[in-house]
J.: 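Quick one: the structure is below, questions incoming.
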Protein chains: 2
Amino acid sequence: MIDNKINKEIRDIFSAYLTEKKLRKTEERYTILDEICAFSGHFDIYMLHQKLKDTKYHVSKATLYNTLEVLTDAGIVIRHQFNSQLAQYELRKKAEIHMHFVCTHCHSVSEVKNPPFLQGSINALKNRFTPEYFSLCVYGMCGKCRNKEQKKSQKK
Amino acid sequence: MIDNKINKEIRDIFSAYLTEKKLRKTEERYTILDEICAFSGHFDIYMLHQKLKDTKYHVSKATLYNTLEVLTDAGIVIRHQFNSQLAQYELRKKAEIHMHFVCTHCHSVSEVKNPPFLQGSINALKNRFTPEYFSLCVYGMCGKCRNKEQKKSQKK
DNA sequence: TTTACTGCAAATATTTTGCAATATC
DNA sequence: GATATTGCAAAATATTTGCAGTAAA
């Protein structure tokens, strides 16, 4: 779980990054980061925009895209493009501990804890590449869709 | 390598799929599949469109998108969305034997043979999910960018 | 002969860009 | 005070859709 302590830790990492890159520490950037930390899983631009609207804090789409790019460059947020055109984001802290199951039927994305050996085997490739993080997406049919398909074939 | 024999094998799988789903066997669909088989790695809609133009065989973008959807549904082609908006595709036959290294600096995508145990560990999750294929993307800095960064820091 | 497929153009969706106003350093 | 960042609107990019003509079954 990402609690307030970890939330603060992430804010500090962001501050250090902004200082290092001589970027400005704006209220918008920190507000966006706080809202991102509050998401339990994936989110997209629209969900984030909506969430900020609910808190009565107005931020433009342009700023959202800009901030997400900075956060991605800082390695704090990971950008996924599962199946749809709309990019999905998530906190890297959360992404690192699971793999994604993308259902090829209903396009739902669920998460399963990463097999621990995976990290090790990726680290082993360091001579050719400097791995920062990885994303394992397994495509297939999710439990729900499988049940539906089974019911269908039973009716025949 | 995908040679003509495998190419024919894929055509047959496609034919069987089209028959099963009561879809039509058009010249466009087979021509597109042939061009796809000729790509050695990833490709996108524009590369495919260009390639077909070169062979003097005109196919509209709409048909390309349509056919790629059919091929994806058939499990013959895999659709990736690495970093850009432009979807990248590749033959599943090829995708299954490697993982992707996506450079977070220059956005190049290279391929490395999959660790063989990965397939096994994914199959082990069959009770919750029916895995069809997987895509392991490792993000980080590629060799070229790493060298450039090293040269930069040496100059300082 | 029926209707799925194709091509074109228009519509939609997502992200990026230009620029004036504003706020950080 | 210099200039990075913001917000808005317009542009750019990628994909989908509507529809009339064509071709597979």
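Sequence lines set the chain letters: A, B, ... in the order given, protein chains first and strands last, and positions in each chain run from 1.
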J.: Holding to salt bridge (Lys or Arg N to Asp or Glu O under 4.0 Å), I want the full list of residues that pass it with B:Glu35, two or more places apart in sequence or in another chain.
T.: B:Lys51
J.: Looking only at non-hydrogen atoms, find the nearest pair between A:Val138 and B:Pro131 and report the distance.
T.: CG1-CB, 3.8 Å
J.: Calculate the interatomic distance between B:Asn66 atom CG and C:dC5 atom C1'; express it in whole Å.
T.: 7 Å
J.: Compare side-chain N and O positions of B:Thr63 against OP1 and OP2 of C:dG7 and report whether any pair is under 4.0 Å apart.
T.: yes
J.: Can you check nucleotides 23-25 of chain D for protein contacts, nitrogen or oxygen pairs under 3.5 Å, and list what you find?
T.:
{"from": "D:dA24", "atom 1": "N3", "to": "B:Arg24", "atom 2": "NH1", "distance (Å)": "3.4"}
{"from": "D:dA25", "atom 1": "OP1", "to": "B:Lys25", "atom 2": "N", "distance (Å)": "3.1"}

J.: Return the value, rounded to whole Å, for the distance between atom CG of A:Leu64 and atom C1' of D:dG7.
T.: 11 Å
J.: Measure from CG on B:Asp44 to P on D:dA14 and round the result to the nearest Å.
T.: 8 Å
J.: Quick check against the 3.5 Å criterion: does A:Arg92 have a side-chain atom that pairs as donor or acceptor with the backbone of A:Gly75?
T.: yes
J.: End-to-end bend of the helix from C:dT1-D:dA25 to C:dC25-D:dG1 (five-pair axes, 10° rounding)?
T.: 40°
J.: With A:Glu111, which residues qualify under salt bridge (Lys or Arg N to Asp or Glu O under 4.0 Å), at least two apart?
T.: none
J.: Whether the A:Gln88 and A:His100 side chains hold a donor-acceptor pair (N or O, under 3.5 Å, no angle test) is what I'd like checked.
T.: no
J.: Contacts to DNA chain C from residues 46-56 of chain B, heavy-atom cutoff under 4.0 Å, which residues?
T.: none
J.: Could I get the full list of salt bridge (Lys or Arg N to Asp or Glu O under 4.0 Å) partners for A:Asp12, not counting sequence neighbours?
T.: A:Lys8
J.: Restricting to pairs with a member in residues 13-36 of chain B, which pass ring pair (Phe, Tyr, Trp, His ring centres under 6.0 Å), not counting sequence neighbours?
T.: B:Phe14-B:Tyr30
J.: Do any side-chain atoms of residues 56-63 of chain A form donor-acceptor pairs under 3.5 angstrom with protein atoms, and if so which ones, sequence neighbours left out?
T.:
{"from": "A:Ser60", "atom 1": "OG", "to": "A:Thr63", "atom 2": "N", "distance (Å)": "3.2"}
{"from": "A:Ser60", "atom 1": "OG", "to": "A:Thr63", "atom 2": "OG1", "distance (Å)": "3.1"}

J.: Give every residue pair that meets the salt bridge (Lys or Arg N to Asp or Glu O under 4.0 Å) criterion with at least one member in residues 13-34 of chain A, sequence neighbours excluded.
T.: A:Arg11-A:Asp34
J.: Please enumerate all residues that pass salt bridge (Lys or Arg N to Asp or Glu O under 4.0 Å) together with B:Asp73, with sequence neighbours excluded.
T.: none
J.: Looking at B:Ile10 and B:Cys37, what are the two nearest heavy atoms and their distance?
T.: CD1-SG, 4.1 Å
J.: May I have the distance from B:Leu68 (atom CG) to C:dC5 (atom P), rounded to whole angstrom?
T.: 15 Å
J.: Could you tell me the separation between the NE2 atom of B:His58 and the P atom of C:dC5, rounded to a whole number of Å?
T.: 18 Å
J.: Using ring pair (Phe, Tyr, Trp, His ring centres under 6.0 Å) as the criterion, list what pairs up with B:Tyr46, not counting sequence neighbours.
T.: none
J.: Minimum heavy-atom separation for B:Cys142 and B:Cys103, please, with both atom names.
T.: N-SG, 3.4 Å
J.: Starting at atom CG of B:Leu86, determine the distance to atom C1' of D:dA12, rounded to an integer number of angstrom.
T.: 13 Å
J.: Mark yes or no for whether B:Lys93, through its side chain, and B:Ile76, through its backbone, hold a donor-acceptor pair below 3.5 Å.
T.: no
J.: Please write out each protein N/O paired with an N/O of nucleotides 16-18 of chain C under 3.5 Å, distance rounded to 0.1 Å.
T.:
none

J.: Nearest to the side chain of A:Ser60, heavy atoms from C-beta on, is which of D:dC8, C:dC8, D:dT15?
T.: D:dC8
J.: Grab the CD-P distance between A:Glu20 and C:dC25 for me, whole Å please.
T.: 16 Å
